[in-house]
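One structure is given here, and the rest of the page talks about it.
Scope of the values below: all heavy atoms of this structure, side chains included, with no hydrogens, waters or symmetry mates.
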Amino acid sequence: MSAINIQNLQNSFEQAVNLGGSPGAVSTSPTQSFMNTMPRRLSTSKQQKVLKPFSTGDMKILLLENVNQTAIEIFNKQGYQVEFLKGSLPEEDLIEKIKDVHAIGIRSKTKLTAKVLEHAKNLVCIGCFCIGTNQVDLSFAAKKGIAVFNSPFSNSRSVAELVIAEIISLARQLGDRSIELHTGTWNKVSNKCWEVRGKTLGIIGYGHIGSQLSVLAEAMGLHVIYYDIVTIMALGTAKQVSTLDELLNKSDFVSLHVPETPETKNLLSAPQFAAMKDGAYVINASRGTVVDIPSLIAAMKAKKLAGAAIDVYPAEPRKNGVGAFNDDLNKWTSDLISLPNLIMTPHIGGSTEEAQSAIGIEVSTALTNYINEGNSVGAVNFPEVSLKALDYDQENTVRVLYIHQNIPGVLRTVNNILSDHNIDKQFSDSNGDIAYLMADISSVNQSDIKEIYEKLNQTDAKISIRLLY
């Protein structure tokens with residue numbers, strides 16, 4: 001086709017778009033998440049009362065790592081002061097930024113260590129806009145009275161779809177063929193290229209992602225087995241196996257979907273690779289520490305494994321950029337990138353418009369509910385406590401949020417302080433060394449509220465107090 005014809009075609013296309021576009025345009029794939037259509041709360045017959053912090057001053061929110069716009073919109077609607085940064089921050093800058101904020105939203109690159117959190121004098125809660133929470137010192141945060149929330153399922157579909165794509169790509173050696181053709185090499189081969197139909201997929205970790213992957217894989221004709229540390233009901237015709245070795249012995253493809261814990265570190269290492277079928281494939285879209293990369297390299301060089309797809313790494317660059325992934329970051333990088341039939345992606349398992357939108361809504365809603373109402377349901381390091389929202393016509397009522405050490409005698413002390421007032425509702429729960437009490441006290445005035453706060457603040461077991469009215 002001549003340059004003139006191409007230009008005419010381009011002009012016709014642009015004119016069609018300007019006139020309204022094609023009703024079947026694939027370039028306008030819907031980016032709305034299912035979370036956009038979910039009701040924030042079940043409707044009630046009475047209007048709910050909006051609570052506000054007893055201590056005056058605007059709530060300050062710091063959002064890092066390009067958290068989705070949906071979160072910013074939800075926080076702005078609450079009237080919070082929102083500071084948004086596209087990247088993560090070095091430790092010293094983070095310490096300075098976190099001093100005055102009441103809530104912080106992060107993804108996987110920001111490390112909220114005990115050293116950082118020690119400076120967070122006003123911090124009430126942390127939102128991890130992702131599945132993992134290993135980037136936060138959860139125990140220290142709890143001891144400081146800081147609740148941590150995450151998004152346990154919103155990106156599950158995106159990760160599962162990526163794994164399906166990688167299973168097919170590895171079986172057909174698509175990565176290598178693409179690289180070759182980009183360099184001008186025509187290499188049409190069928191040797192060691194397979195259909196995935198009839199093959200066995202072994203899933204390690206049958207949670208939100210693993211179970212979704214199971215359903216998608218079966219729809220394509222794969223047999224699915226899975227291993228988990230707890231007994232979980234299978235979806236479809238998948239079958240749970242009793243040991244990891246059994247899964248490794250039987251699987252053509254092994255996909256990992258486990259959290260980062262001391263128990264999962266190097267979950268797949270030399271002995272596990274030796275237990276796998278000759279010519280099997282490994283896919284890791286979970287956490288970078290669960291696969292022993294040097295052992296993976298050795299297994300692939302020995303042709304024990306026919307391929308691998310890696311989306312996560314023990315150490316990852318803090319920001320995008322040419323040359324960011326190198327031997328200084330992980331000493332084995334050069335060896336890894338030299339391997340054939342190896343798909344490497346930069347931690348993009350959950351990086352779709354739909355997933356990030358859903359995560360933004362899910363986590364920001366959880367943070368908002370905790371800030372405004374004290375509702376800690378969904379917190380990963382904290383007792384899960386919730387009370388029914390106050391009705392709009394409930395005046396002169398204060399909600400007491402009392403976080404304390406889980407030691408004997410505390411509830412007696414607190415109830416003695418509250419005994420002179422009418423307790424409408426009260427609920428308490430504990431998680432390890434931390435306990436959380438929530439109570440609605442009615443028929444109180446400003447003087448009563450101040451007195452309750454001062455008395456609770458003087459209790460020995462107190463970690464943190466908030467009063468909402």
Side-chain angles (χ1 to χ4, degrees), residues 26-40 65-71 74 105 107-108 127-133 149-171 174 196 201-228 232-238 240 253-260 281-288 290 309-312 343 345-366 378 380:
V26 295
S27 60
T28 55
S29 174
T31 57
Q32 264 204 335
S33 156
F34 70 95
M35 292 291 291
N36 292 90
T37 59
M38 291 179 63
R40 297 286 184 271
E65 301 184 64
N66 206 25
V67 166
N68 193 264
Q69 182 65 31
T70 54
I74 287 173
R107 293 176 70 187
S108 58
C128 296
F129 287 76
C130 50
I131 292 179
T133 56
F149 298 86
N150 70 333
S151 176
F153 66 87
S154 288
N155 70 354
S156 302
R157 177 72 182 203
S158 295
V159 178
E161 287 186 3
L162 178 67
V163 173
I164 287 292
E166 289 174 336
I167 289 172
I168 297 172
S169 297
L170 289 172
L174 294 185
V196 299
L201 169 63
I203 300 173
I204 303 175
Y206 203 68
H208 295 298
I209 297 171
S211 56
Q212 283 216 35
L213 172 61
S214 173
V215 173
L216 295 176
E218 283 201 337
M220 292 171 42
L222 284 125
H223 304 299
V224 177
I225 58 176
Y226 63 94
Y227 170 74
D228 203 292
I232 300 176
M233 185 181 72
L235 299 179
T237 60
Q240 184 165 11
F253 300 89
V254 174
S255 188
L256 295 115
H257 302 283
V258 296
E260 180 178 323
Y281 305 85
V282 170
I283 300 157
N284 184 21
S286 59
R287 286 290 172 261
V290 303
I310 308 296
D311 186 50
V312 288
I343 299 171
T345 47
H347 203 150
I348 58 169
S351 296
T352 63
E353 295 283 359
E354 294 90 345
Q356 292 307 309
S357 174
I359 290 170
I361 294 170
E362 182 182 10
V363 178
S364 61
T365 299
V380 298

*Kindly indicate, with the supporting measurements, whether the criterion side chain to side chain contact (heavy atoms under 4.5 Å, CB included) is fulfilled by R157 and L216.*
CA-CA 10 Å; R157 177 72 182 203; L216 295 176; 3.4 Å; yes

Run the side-chain donor-acceptor check on residues 201-213: report pairs under 3.5 Å with partners two or more places apart or on a different chain.
| unit_1 | atom_1 | unit_2 | atom_2 | d |
| --- | --- | --- | --- | --- |
| Y206 | OH | S214 | OG | 3.0 |
| Y206 | OH | L235 | N | 3.1 |
| S211 | OG | G207 | O | 2.6 |
| S211 | OG | H208 | O | 3.3 |

Under 3.5 Å donor-acceptor, [X] side chain and [Y] backbone:
X    : Y    : answer
S357 : E353 : no
N150 : T133 : no
E260 : G132 : no
S151 : V363 : no
Y281 : E166 : no
Q240 : I232 : yes
N284 : I310 : no

Would you mind reporting whether [Y] and [X] have side-chain heavy atoms less than 4.5 Å apart?
X    : Y    : value
I359 : N68  : no
S156 : H257 : no
V282 : L256 : yes
V224 : T237 : no
I168 : M220 : yes

What is the distance from atom [atom1] of [X] to atom [atom2] of [Y], rounded to the nearest 0.5 Å?
X    : Y    : atom1 : atom2 : value
F129 : Q356 : CZ    : CD    : 10.0 Å
L162 : I283 : CG    : CD1   : 9.0 Å
Q69  : I74  : CD    : CD1   : 10.5 Å

*Output, in order, the C-alpha distance, side-chain angles, deciding distance and verdict of side chain to side chain contact (heavy atoms under 4.5 Å, CB included) for S108 and R287.*
CA-CA 10 Å; S108 58; R287 286 290 172 261; 5.8 Å; no

*asked:* Hydrogens and angles aside, do S158 and E354 bring a side-chain donor and acceptor to less than 3.5 Å of each other?
replied: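 Not at all, the side chains of S158 and E354 share no donor-acceptor pair under 3.5 Å.
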
Nearest heavy-atom neighbours spanning [X] and [Y]:
X    : Y    : answer
G378 : F149 : C-CD2, 3.8 Å
F153 : E362 : CE2-OE2, 3.3 Å
A285 : V159 : CB-CG1, 4.1 Å
S255 : V163 : OG-CG1, 3.5 Å

